[in-house]
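Note that the numbering runs from 1 along the sequence shown for the chain. Whatever order the structure lists them in is the order used to number ligands and atoms, beginning at 1. Computed from heavy atoms alone, side chains included, the values below leave out hydrogens, waters and symmetry copies.
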Amino acid sequence: MIKDAFLSDPRKSGLDAEHPVSDEAVLQTSPHTPATVLLGVTGCVAAYKSAEVVRGLQKAGIRVKVVMTAHAQEFVGAATFRALTREPVAVGLFDAPGAPLHHISLAQEADLFLIAPCTANVMAKLAAGIADDILTTTALATEAPLLIAPAMNVRMYEAPATRENRERLIGRGVRFIDAEVGYLACGDVGKGRLADVDAIVDAALEALGHRRDLKGLRVLVTAGPTVEAIDPVRCITNHSSGKMGYALAEAALARGAQVDLVSGPVALCAPAGASLHQAQSAQDMLEAARRCFPGVDIALFAAAVCDMRPKEAASKKLKKGNDDERLSLLEFVANPDILATLAAEKSPGQMVVGFAAETDEVATNAQKKLAAKGADLIVANRVGEGLVFGEDCNTALLVDAEGASALPTMRKRALADVILDKAVGMLEDRKAR
Ligand code: CTP
């Protein structure tokens with residue numbers, strides 16, 4: 001059996017040697033909890049850009065909570081941030097009756113405290129250790145790293161007091177995302193404009209230790225089952241939960257990719273930032289995936305596509321008694337193979353990853369699918385007897401032209417990163433050749 005031959009001899013399992021699975025990946029089997037950024041918003045015209053910062057962080061899978069000064073609320077309402085974050089917004093020291101020490105609980109929740117925009121006044125308070133509102137009190141109470149994106153008039157920015165405050169804060173380990181030179185709200189031109197939103201988001205993710213190695217890449221993911229109609233009531237489908245595909249989309253977004261997610265019906269929320277294209281049948285899914293495919297760098301076909309569909313979907317419900325024969329003798333026709341169809345259209349710069357759900361001879365079947373479908377990589381796993389479908393963990397085998405590599409059991413979100421690592425590695429190897 002190919003499986004045994006590949007797995008028992010590490011020399012034949014070229015992937016093991018070249019792309020060992022890091023201990024980190026193996027250890028990532030604990031539940032994936034998103035990092036929390038506490039975003040401080042202060043009173044500055046640029047406060048409206050904080051809403052875009054929230055979105056940018058959410059796209060990378062970050063949970064954002066907002067704390068505002070009273071002056072910030074003159075520029076943007078707390079309701080905006082409440083709606084965007086779906087979290088309560090902290091606006092006053094005594095505004096959360098259920099949490100008398102709100103600043104302390106906020107301070108403890110934060111993995112990073114980002115203040116964007118930060119006024120000269122708030123910088124001065126932070127430098128002096130003044131804690132006279134919810135934002136500055138939380139900043140003093142938190143042990144999370146502090147990241148500041150200042151925005152103010154050019155002369156305020158360059159005033160000796162502001163410079164000294166900045167130096168003092170840097171001396172305490174606070175990081176800054178410098179303001180930009182440009183046209184300022186007051187009409188002056190000079191340094192003081194809030195840094196670009198992308199630069200703020202990148203700096204925050206870097207401070208959290210997130211990789212951004214897929215920035216500039218486009219990723220397509222198909223996910224979930226397809227549903228093939230028999231009549232307006234009945235259908236043929238399968239048990240796919242979509243969890244693997246959604247984990248791939250989430251991981252790619254977190255690493256900075258632009259993601260198109262083509263999904264069959266699932267009970268999952270699409271990750272913020274993904275362009276979601278909903279599909280029902282295999283034919284719908286092929287059309288949606290085909291529209292996205294040109295220009296995609298990595299295409300991951302994780303959907304469980306029904307291989308067959310009823311030859312004709314009845315326009316009216318088939319009735320017991322009247323339509324028994326038609327119901328018991330349903331005729332089927334083959335669905336298009338989305339992976340094989342698009343792999344045949346790929347350009348050399350595109351990496352195509354397929355999946356193989358198998359009940360038997362997992363490695364052998366994965367090898368066959370790799371060749372038959374023209375994929376660059378197949379992620380194979382055993383299904384049936386309660387395995388994989390709907391589960392949060394997966395034990396996969398990566399199969400490419402070089403051989404097969406068995407991965408340890410890990411959560412689908414961690415597996416998604418390992419699959420992306422492998423695909424990016426193969427893409428880079430190809431470009432280097
Ligand atoms: N796939 C596809 N379109 C299909 C069938 C499968 O794009 N009509 C893709 C799946 O998304 C997956 C891979 O092909 O990436 C293998 O799917 P799988 O269901 O394991 O295999 P099948 O090709 O359907 O073959 P079989 O059911 O005989 O194992």
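Of the candidates Arg309, Met285, Lys369, the one placing a heavy atom closest to atom 25 (O) of ligand 1 is Lys369. The nearest non-hydrogen atom to atom 9 (C) of ligand 1, considering only Leu339, Asp307, Asn238, Ile338, comes from Leu339.
Taking distance alone, with nitrogen or oxygen atoms compared against 3.5 Å, Asn335 stays at or beyond that limit from ligand 1. Between Phe301 and ligand 1, at least one pair of N/O atoms sits closer than 3.5 Å.
Of all protein heavy atoms, the one closest to atom 4 (C) of ligand 1 is Val305 CB, 3.4 Å. With respect to atom 13 (C) of ligand 1, the closest heavy atom belonging to the protein is Phe355 O, 2.9 Å. The protein heavy atom nearest to atom 23 (O) of ligand 1 is Lys373 NZ, 2.4 Å.
For atom 28 (O) of ligand 1, no protein heavy-atom neighbour is found at a distance under 4.0 Å. The protein does not reach atom 19 (O) of ligand 1 closely, with no heavy atom under 4.0 angstrom from it.
Not a single heavy atom of Ala282 sits closer than 4.0 Å to an atom of ligand 1. A heavy-atom separation below 4.0 Å is found between Ala356 and ligand 1.
Here the closest non-hydrogen pair linking Thr222 and Phe301 is OG1-CA, 3.2 Å. The minimum heavy-atom distance between Ala396 and Asn381, with the atom names listed, is CA-CB, 4.4 Å. Residues Ala110 and Thr142 come closest through the heavy atom pair CB-OG1, 4.4 Å.
Partner of Asp392 under the salt bridge (Lys or Arg N to Asp or Glu O under 4.0 Å) criterion, chosen from Arg413, Arg411, Lys412: Arg411.
Remark: Asp421 engages Arg211 in a salt bridge, criterion side-chain N to carboxylate O under 4.0 Å. With salt bridges taken as basic N to acidic carboxylate O contacts below 4.0 Å, none links Arg63 and Asp111. Salt bridge annotation for Arg234-Asp231: present, with a cationic side-chain nitrogen under 4.0 angstrom from a carboxylate oxygen.
Heavy-atom contacts of Pro336 reach the following atoms of ligand 1: 3 (N), 4 (C), 8 (N) (cutoff under 4.0 Å). Listed by number with element, the atoms of ligand 1 under 4.0 Å from a non-hydrogen atom of Ala303 are 10 (C), 11 (O). Less than 4.0 angstrom separates some heavy atom of Ala357 from each of these atoms of ligand 1: 20 (O). In summary, the atoms of ligand 1 found under 4.0 Å from a heavy atom of Gly354, numbered by their order in the structure, are 15 (O).
Gln108 pairs by the side chain to side chain contact (heavy atoms under 4.5 Å, CB included) definition with Ile104, not counting sequence neighbours. Legend: residues meeting side chain to side chain contact (heavy atoms under 4.5 Å, CB included) with Asp376, ordered by chain and number and at least two apart, are Lys346, Met351, Val352, Met426, Arg430.
In the model, Tyr246 has a side-chain atom that pairs as donor or acceptor with a side-chain atom of Ser263 under 3.5 Å.
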